[in-house]
Amino acid sequence: MSTSDYPYVEGGYTLYSNELCPYAQRALRAFDAANVEHKVEQIDLKNKPSWYHLVNPQLKVPALRTPDGTILIESLVIAEFIADEFPESNLLSSNATERAQLRLFIELFGTRFNPLVYRLLMTADADEQEKHKQALLGGLEDISKELERQSKRKSGKGGPFWYGKWGYAEITLSSFVGLLVPLAKFRSFAVPETDAFAAFNNWRHAILQAPEFTKFKPDDNTINDAYKKFVADV
């Protein structure tokens with residue numbers, strides 16, 4: 001392999017991934033749900049291959065090389081590309097309102113859950129930890145309310161998944177639900193089993209039992225070891 005080369009499948013899909021990265025898991029689950037043949041190149045994030053800058057100059061995963069040689073980056077972009085490229089998979093609704101409602105939910109999750117998980121792990125001060133815990137609980141309550149609203153819509157089909165069965169919301173968000181594992185270990189954080197969080201807990205429990213989730217989920221000890229680097233006081 002010359003210095004200008006990098007591994008890919010000629011005329012096929014090559015996904016550059018890492019099994020511990022929740023963002024990369026989005027792309028893996030999208031390919032799996034669409035039942036599309038692809039090759040996975042595992043990228044060691046601690047020792048990235050010398051050629052990887054040729055794929056993604058930002059050196060992040062996931063990245064996708066399409067059959068025509070186009071390189072796509074950013075997990076949500078890749079997931080939506082797969083959904084659009086293979087409409088027969090029905091990963092996304094053809095209804096504009098339903099797609100907009102789903103995008104709003106993904107945005108809500110991305111602002112009220114994901115960043116707060118990392119802030120809580122990375123904060124050593126007890127008062128700051130409590131502040132982040134309360135903010136995370138507030139975010140989860142809002143997420144639960146939206147899941148409850150969706151379950152009552154025609155497209156929600158009563159839940160517990162966004163569209164009543166495993167679909168795009170779970171493909172793009174389930175790996176982050178898995179981050180409750182290191183939160184429990186390092187910050188003794190648990191989602192209350194109360195009415196305010198009922199819809200979220202029903203959704204979470206359904207995700208944890210879904211084979212589409214467990215197929216790509218690392219075991220809890222591996223997740224905890226990987227996230228130890230974010231924990232301020234370990």
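Being a predicted model, the structure only gives us computed values, none of them experimental.
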Polar side-chain atom of Arg29 near backbone of Phe213 as donor-acceptor pair, under 3.5 Å:
yes

Donor-acceptor pair, side chain of Glu98 and main chain of Ser155, under 3.5 angstrom:
no

Quick check on Asp195: does its CG atom have over 12 non-hydrogen neighbours (other residues, nucleotides or ligands) under 6.0 Å away?
no

Tell me if the NZ atom of Lys185 is crowded by more than 12 foreign heavy atoms within 6.0 Å.
no

So, Arg103 and Glu80, do they make that salt bridge, N to O below 4.0 Å?
yes

Could you tell me whether Glu128 and Lys131 have a side-chain N and a carboxylate O separated by less than 4.0 Å?
yes

So, the side chain of Ser175 versus the backbone of Gln25: is there a donor-acceptor pair under 3.5 Å, distance only?
no

How far apart are the C-alpha atoms of Tyr23 and Leu76, what are their side-chain angles, what is the distance that settles it, and do they pass the side chain to side chain contact (heavy atoms under 4.5 Å, CB included) test?
CA-CA 8 Å; Tyr23 295 95; Leu76 283 176; over 6 Å; no

Of the non-hydrogen atoms in Asp68 and Thr70, which two are nearest, and what is the gap between them?
OD1-OG1, 2.8 Å

Which heavy-atom pair separates Leu92 from Ala83 by the least distance, and what is that distance?
CD1-CB, 3.7 Å

Are Glu170 and Lys165 close enough, and set up right, to give a side chain to side chain contact (heavy atoms under 4.5 Å, CB included), and what steps lead you there?
CA-CA 9 Å; Glu170 292 73 38; Lys165 62 180 181 180; over 6 Å; no

Kindly give the heavy-atom pair with the smallest separation between Tyr52 and Val61, and that separation in Å.
OH-CG1, 3.5 Å

Under 3.5 Å, is there a donor-acceptor pair linking the side chains of Gln134 and Glu130?
yes

Same cluster for Leu20 and Val177 if Ile/Leu/Val/Met/Phe/Trp/Tyr side chains link at under 4.5 Å?
no

Honestly curious: do Leu104 and Leu147 fall in one hydrophobic cluster under the side-chain, below-4.5 Å linking rule?
no

Sidechain-backbone polar pair: Ser93 side chain, Asn95 backbone, donor-acceptor under 3.5 Å:
yes

If only atom types and distance count, is the side chain of Ser144 paired as donor or acceptor with the main-chain N or O of Leu140 below 3.5 Å?
no

Check residues 113-122 and write down every donor-acceptor pair under 3.5 Å in which the side-chain atom is one partner and the other belongs to a residue at least two apart or another chain.
{"unit_1": "Tyr118", "atom_1": "OH", "unit_2": "Tyr227", "atom_2": "OH", "d": "3.3"}

Around atom CD of Glu88, are there more than 12 heavy atoms of other residues, nucleotides or ligands at under 6.0 Å?
yes

So, for Phe31 and Tyr13, is the gap between ring centers shorter than 6.0 Å?
yes

Taking the six-membered ring for Trp, are the ring centroids of Tyr8 and Tyr16 within less than 6.0 Å of each other?
no

Are the ring centres of Phe105 and Trp162 closer than 6.0 Å?
yes

Could you state whether Tyr6 and Leu59 fall into the same hydrophobic cluster, counting links through intermediate Ile, Leu, Val, Met, Phe, Trp or Tyr residues with side-chain heavy atoms under 4.5 angstrom apart?
yes

Can a donor-acceptor pair be found, under 3.5 Å and without considering hydrogens, that links the side chain of Lys215 to the backbone of Glu212?
no

Do Val77 and Val55 sit in one hydrophobic cluster, given that two such residues count as connected whenever their side-chain heavy atoms are within less than 4.5 Å of each other, even indirectly?
no

Can we say Arg204 and Glu193 salt-bridge, meaning some charged N sits less than 4.0 Å from an Asp/Glu carboxylate O?
yes

Test salt bridge (Lys or Arg N to Asp or Glu O under 4.0 Å) on Glu146 and Arg149 and set out the steps.
CA-CA 5 Å; Glu146 189 55 35; Arg149 281 190 285 268; 2.9 Å; yes

Does the plane of the ring in Trp203 sit parallel, tilted or perpendicular to the ring in Phe109? Use 30° and 60° as the thresholds.
perpendicular

Just do the side chain to side chain contact (heavy atoms under 4.5 Å, CB included) check on Phe230 and Phe186 with the steps written out, would you?
CA-CA 10 Å; Phe230 294 108; Phe186 298 114; over 6 Å; no

Verify the cluster assignment for Val9 and Val40: are they in a single hydrophobic cluster under the rule of side-chain heavy atoms below 4.5 Å apart?
no

Just wondering, more than 12 heavy atoms not from Asn35 lying within 6.0 Å of its CG?
no

State whether the side chain of Asn56 and the backbone N or O of Lys60 hold a donor-acceptor pair below 3.5 Å, judged by distance alone.
yes

Determine whether Glu41 and Leu15 satisfy the following criterion, side chain to side chain contact (heavy atoms under 4.5 Å, CB included), listing intermediate values before the conclusion.
CA-CA 6 Å; Glu41 287 286 344; Leu15 180 66; over 6 Å; no

Are the side chain of Arg26 and the backbone N or O of Ser75 linked by a donor-acceptor pair below 3.5 Å?
no

Can Arg187 and Asp233 be counted as an ion pair, charged N to O under 4.0 angstrom?
yes

